[in-house]
Amino acid sequence: MKQTYISDIDRMKNGDSVTLKGWAQEIRIMKNIGFIILRDSTGLVQATVKRENEAFGDLEKITRESVVELSGTIPEKVVSKLGKEITVSSLKVLNLAMVPLPLGIVDEVEADFDTRFNNRFMDLRKLEHQRIFKIKSALLWGIRTFLMNRGFTEVQTPKTVSAATEGGAELFSVKYFEKDIFLNQSPQLYKEMLIASGIERVFEVGPAFRAEEHNTPRHLNEFTSIDIEMAFADHNDAMHMLEEAISAGVENFLKTVPDSEKVSLLKEKPITPFPRITYRECVRILKEEGIDQKDGEDLNNESLKVIGKRFENFYFITEWPTTVRPFYTATLEDERDFTKSYDLQFKEIELTSGAQRVHNPDELKNRIEEKGLNSQNFEFYLKTFRYGMPPHAGWGLGLERLTQVILGLNNIREASLFPRDRTRVFP
RNA sequence: GCCCUGGUAGUGUAGCGGCCUAUCAUACGGGCCUGUCGAGCCCGUGACUCGGGUUCAAAUCCCGGCCAGGGCGCCA
C-alpha cells in the first residue's frame, strides 16, 4: 500500500522520513548532484540525490515516466522552486518506462488532439488534464447529493431499445441476437414511465448515444446525460431544481478540488435564480439587431451567440414554439403554439433541454401522430398514461458540456476521457 | 448530410517544382557542468500519409483513398 502522498509533505517537518511512490517526471543529473521531479496524483516534489549517496548510480538508469519508490527525509532547507523537496536515501525502480514516450508530459511542445487522444493514458499524466476529471467528478457528486437530498431516487434504465424513443435524432443500430435494436438517445420515455409507477422523483446519470454525423467542438456521439423527472411539478419547478443542482455542483468542486478555482470560469457558486428570457423575446431582440430570424423557427448558432452576449453565464430561454419541441412537451394552456419548455444556455452553448410534459394520454397520442410518428410503436409508453399519470416535468443535462463551459474548454473532447466522435472509436 | 482546411523525425513545426544529401524546437544517445528547477553548452541519431498521374525533375502540382481539425445543419 502507498504510504505517503506528495500533498502530505506539507504537513511534515524536517528530519521526518518519507517513502514516496510515483512517476519520475523529470531527471536532471549533474556532476555531484541529481534531481528527480516526482509526480503522483496529488502533485509534484523535487527529490534530491547527492553523489555520495548510493542511489546516485541508480539515477542514471531510470527513464522519464518510470514508476519509482523513493525513500528519504525532509531537508532542513527547501531549495527547490517547487516548494517541496526530499533528500533521497534510496531509490527503487518499480517499473521502467520505454523511450521515447509517445507524448511528452513536460516537453515544451504541444501535441495535437489526435496524438493526445491516441495516447490518452499518457496525456492524462498531465495534472492539469487530470484535474478536469476531478472537477467533473466533484461537480457530478454535488449534483447527485443535491438531488438525493431533494427526495430523488437514482435509477438505471435500458440503453438498448427496440424502437426510436423520440424520433428526431439518429440512432445507432446494434445486433441483439436475432433482432436489430438501437442504442438509446435519451432515457426520456423510461423516466416518464417511472413517474407513472409512482416513484415521483427520479434521476439518472448515464450514457446517451446520438448517431449524428456532426464534427464540432461541442458534440460527442456518446455523452453523459444527467436526467431528472419529477411528478406534480411544472416547468418552473424543474427549472428551479436545475439551477439549484448546478449551483450545488459548482460549490462542491470549488470546495473539494485543489486549485479548481484557478481553472474554473466560475470563481464562486453561481447565483440563483438564473435569468430567464422567452423565445419570443429572443426573436424580438434578433430582429431589432437585424438578424434574419423567423418566427417559430429554431434559434441557430449565430442567433444564440447574439443572445448569449447579453448574459454573464447561465440563462434560460423559455416557451419555445411547439413545432421545434418533441411530442411530449406540454403547451401553454392559453397559447397552444408555445410550450412550457426551456433550454439552459451558457453563452451560445445549450446545456439542458427541459419542459413540463404532456400527461393526458389522448393529447399525447395526437402529438405523436402530428410529428408523423406511428403511435403503435409507443404503446408501451402510452399505456402508462392511461391508469393515473401525474402532471410531471424534468430535464436532461449534458455533463461533458457543463464541464466544458464551466472550465472554458475549447473542445468538449477535453471533458471526456475517451471521446467518441464521428471517426474516433479508439481507444 | 453539405462545405472548408490540413497530414514532414517520438512530439510540435519550416519548406510549397530543381539551391532538400529537408529547417528549427523538443525528446532521445554521448560528453562537459558544485543545487538544478522551461538548467546551460558541445557532438550525434531520427521524418516528407498511401496509391496513381503530370514533369527532364515532385515534400512541393493534379486525381483518388485513408486519417485528422473546423464551419453549417442538428442537438446535450
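Numbered from 1 within each chain, the chains take letters A, B, ... in sequence-line order.
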Minimal non-hydrogen separation, [X] against [Y], with atom names:
X	Y	answer
A:Ile33	A:Lys50	CD1-CE, 4.2 Å
A:Glu414	A:Phe133	O-CZ, 3.4 Å
A:Leu220	A:His214	O-CE1, 4.2 Å

ring centroid sep under 5.5 Å plus plane angle under 30, A:Phe223 with B:A76: yes
Nearest to the [X] side chain among [options], which nucleotide is it?
X	options	result
A:Ala111	B:G69, B:U11, B:C37	B:U11
A:Ile33	B:G35, B:C74, B:G12	B:G35
A:Leu220	B:U34, B:A76, B:G69	B:A76
A:Thr115	B:G35, B:U11, B:C75	B:U11
A:His219	B:G73, B:C33, B:C37	B:G73
A:Thr352	B:A76, B:G35, B:G69	B:A76
A:Phe113	B:U34, B:G73, B:G70	B:G70
A:Arg413	B:G35, B:G70, B:U34	B:G70
A:Asp114	B:C33, B:C67, B:G70	B:C67

Backbone of A:Phe274 reached by a side-chain donor or acceptor of A:Thr272 within 3.5 Å: no
Nearest whole Å is fine: how far is [N] [atom2] from [X] [atom1]?
X	N	atom1	atom2	value
A:Lys191	B:A76	NZ	P	11 Å
A:Ile412	B:G70	CD1	P	12 Å
A:Glu302	B:G73	CD	C1'	14 Å
A:Met30	B:U36	CE	C1'	4 Å
A:Ile27	B:A27	CD1	C1'	13 Å
A:Leu103	B:A9	CG	C1'	16 Å
A:Asn221	B:G1	CG	P	12 Å
A:Phe346	B:A76	CZ	C1'	15 Å

Distance between the [atom1] atoms of [N] and [M], in whole angstroms?
N	M	atom1	value
B:C3	B:G73	C1'	11 Å
B:U26	B:G44	C1'	16 Å
B:U60	B:G52	P	14 Å
B:G70	B:C62	P	25 Å
B:C32	B:G17	P	46 Å
B:C42	B:A68	C1'	39 Å
B:A27	B:G12	C1'	11 Å
B:C50	B:A58	C1'	16 Å

Distance-only side-chain donor-acceptor flag, A:Asn118 / A:Thr115, under 3.5 Å: no
Pair A:His392, A:Gln356: side-chain N/O donor-acceptor within cut-off below 3.5 Å: no
With a 3.5 angstrom cut-off on both distances, give the Watson-Crick or G-U wobble partner of [N], or none if there isn't one.
N	answer
B:G10	B:U26
B:C74	none
B:U54	none
B:U49	B:G65

Short side-chain N/O contact from [X] to OP1 or OP2 of [N], under 4.0 Å:
X	N	result
A:Asn411	B:G70	yes
A:Lys81	B:C37	no
A:Asn32	B:C33	no

A:Arg28 or A:Leu299, whichever maps to the more 5' nucleotide of RNA chain B: A:Arg28
Contact nearer the 5' end of RNA chain B, comparing A:Thr423 with A:Ser353: A:Thr423
Distance-only donor-acceptor test (3.5 Å): side chain A:Glu85, base B:G35: yes
Any N/O donor-acceptor pair, A:Arg64 side-chain to B:C28 base, under 3.5 Å: no
So what does [X] touch, heavy atoms closer than 4.0 Å: a base, only the sugar-phosphate, or nothing?
X	result
A:Asp343	nothing
A:Glu26	sugar-phosphate
A:Ile226	nothing
A:Val79	base

CG/A:Asn410: more than 12 non-hydrogen atoms of other groups inside 6.0 Å: no
Residue A:Lys267 excluded, over 12 heavy atoms near NZ under 6.0 Å: yes
Aromatic A:Tyr342 / basic A:Arg276 pairing, under 6.0 angstrom, 45° off normal: no
